[in-house]
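Only one structure is covered here, and it is reproduced in the block below.
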Amino acid sequence: IRRSSSTGGTPFKDSLPAVSFDGRRVAFTREDTSKPIADTGFFETQVMIAEADGTGLRAVLPVDGIVQDAVAFEPLSGSYRMAWSEIDPVSINAGGPQQYGLRVVDPDTSTGNLICSSPALAVPNLGEGRCFGFHVSWPIPGAVVLPQQFLEIYLDGTAPTSSYQTL
């Protein structure tokens, strides 16, 4: 992150870096402490991307009032698609966030979509799964994993699965 961004004297806090499969790009989350979200204690957070040499730093697909977090790159050489969690902190209650989702984005075109979102998903052998996580991983092409419940979300629309019961 330091090669791409210097946040000293700014309201930004950069964290959670991810490196593309081919090592040419780095992405991370940027919290903007000058933009609180209501009285939640959260600040707007967006995913940033840059070339590995530190050039070309930019926000990927910012959304006002949302926390974007836990970015992961698709595990294919030459692909820079990313997945990350999003939550609306205003929706947080005793049961956690009620508005959330997992977004997949092509940063070169700034296009993407939620591949799943609230409410909870019906998952065989698990019951319900929540489509967000603070440690998103993309270990194989075609499936993003949310490790809290070992929830596997497939990009082709196949019903989600979980290895949680097996483990």
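Note that the structure is predicted; figures quoted are calculated from it, not measured.
Every ring-ring contact (aromatic ring centres under 6.0 Å, His included) that Tyr100 has, sequence neighbours left out, goes to Phe132. Annotation: side-chain hydrogen bond (donor to acceptor under 3.5 Å, both in side chains) contacts of Asp108 (sequence neighbours excluded): Arg25. Applying the side-chain hydrogen bond (donor to acceptor under 3.5 Å, both in side chains) test to Ser77 and every residue at least two apart in sequence or in another chain returns nothing. When the side-chain hydrogen bond (donor to acceptor under 3.5 Å, both in side chains) test is applied to Ser79, the partners found at least two apart in sequence or on another chain are Glu74. Remark: Asp22 pairs with Ser20, Tyr80 by the side-chain hydrogen bond (donor to acceptor under 3.5 Å, both in side chains) rule, at least two apart or across chains.
Counting only heavy atoms from C-beta outward, the side chains of Val104 and Arg81 approach each other to under 4.5 Å. Residues Val145 and Pro139 form a side-chain contact, since some pair of their non-hydrogen atoms from C-beta on lies under 4.5 Å apart. Looking only at side-chain heavy atoms (C-beta outward), Leu121 and Glu128 stay at 4.5 Å or farther from each other.
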- Task: Under the side chain to side chain contact (heavy atoms under 4.5 Å, CB included) rule, what do Val136 and Val144 come out as? Steps first, then yes or no, please.
- Result: CA-CA 7 Å; Val136 173; Val144 178; 3.5 Å; yes
- Message: As a quick check of understanding, evaluate side chain to side chain contact (heavy atoms under 4.5 Å, CB included) for Val105 and Thr111, giving each step before the final call.
- Response: CA-CA 6 Å; Val105 174; Thr111 58; over 6 Å; no
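In the hydrophobic clustering of ILVMFWY residues, with side-chain heavy atoms under 4.5 Å counting as a link, Val26 and Phe21 come out apart. Note on Met48 and Val71: separate hydrophobic clusters, where clusters join Ile, Leu, Val, Met, Phe, Trp and Tyr whose side-chain heavy atoms are under 4.5 Å apart, directly or indirectly. Residues Leu57 and Val60 do not share a hydrophobic cluster, clusters being chains of Ile/Leu/Val/Met/Phe/Trp/Tyr side chains in contact below 4.5 Å. By the rule that hydrophobic residues join a cluster once side-chain heavy atoms approach within less than 4.5 Å of another member, Leu155 and Phe150 end up as members of one cluster.
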Could you pull out all donor-acceptor pairs under 3.5 Å where a side-chain atom in residues 40-47 meets a protein atom, sequence neighbours excluded?
unit_1	atom_1	unit_2	atom_2	d
Thr40	OG1	Ile37	O	2.7
Thr40	OG1	Phe42	N	3.0
Glu44	OE2	Gly65	N	3.0
Thr45	OG1	Phe43	O	3.0

Let me check something: any side-chain donor-acceptor pairs from residues 82-91 under 3.5 Å, sequence neighbours excluded? List them with distances.
unit_1	atom_1	unit_2	atom_2	d
Trp84	NE1	Glu86	OE2	3.0
Ser85	OG	Gly133	N	2.8
Ser85	OG	Gly133	O	2.6
Glu86	OE1	Arg103	NE	3.4
Glu86	OE1	Arg103	NH2	3.2
Glu86	OE2	Gln68	NE2	3.3
Glu86	OE2	Arg103	NE	2.7
Asp88	OD1	Val90	N	3.0
Ser91	OG	Asp88	O	2.7
Ser91	OG	Gln98	N	3.1
Ser91	OG	Gln99	N	2.9

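Panel note: side chain Asn113, backbone Ile115; no donor-acceptor pair is recorded below 3.5 Å.
Ser117 contributes atom OG, which lies 12.0 Å from atom CZ of Arg130 (distance to the nearest 0.5 angstrom). The CD1 atom of Ile153 lies 6.5 Å from the CG atom of Leu102; values are rounded to the nearest 0.5 Å.
Think of Val63 as one node in a network of Ile, Leu, Val, Met, Phe, Trp and Tyr side chains linked at under 4.5 Å; its network also takes in Ile66.
Screening residues 32-77 for disulfide (SG to SG under 2.5 Å) gives no qualifying pairs among residues at least two apart or on separate chains. Here disulfide (SG to SG under 2.5 Å) pairs that include residues 23-75, with residues two or more places apart or in two chains, number zero. Within the structure, disulfide (SG to SG under 2.5 Å) pairs that include any residue of residues 34-100 do not occur (at least two apart or interchain). Applying the disulfide (SG to SG under 2.5 Å) test to every pair with at least one member in residues 60-128, sequence neighbours left out, gives these pairs: Cys116-Cys131.
Summarising the local packing, CZ of Arg58 is surrounded by more than 12 heavy atoms from other residues, nucleotides or ligands at distances under 6.0 Å. More than 12 heavy-atom neighbours from other residues, nucleotides or ligands sit within 6.0 angstrom of CG on Asp156.
Between Arg30 and Asp14 there is a salt bridge, since at least one side-chain N of the basic residue sits less than 4.0 Å from a carboxylate O of the acidic one.
Across Ala70 and Thr29, no two heavy atoms sit closer than the pair N-CG2, 3.8 Å.
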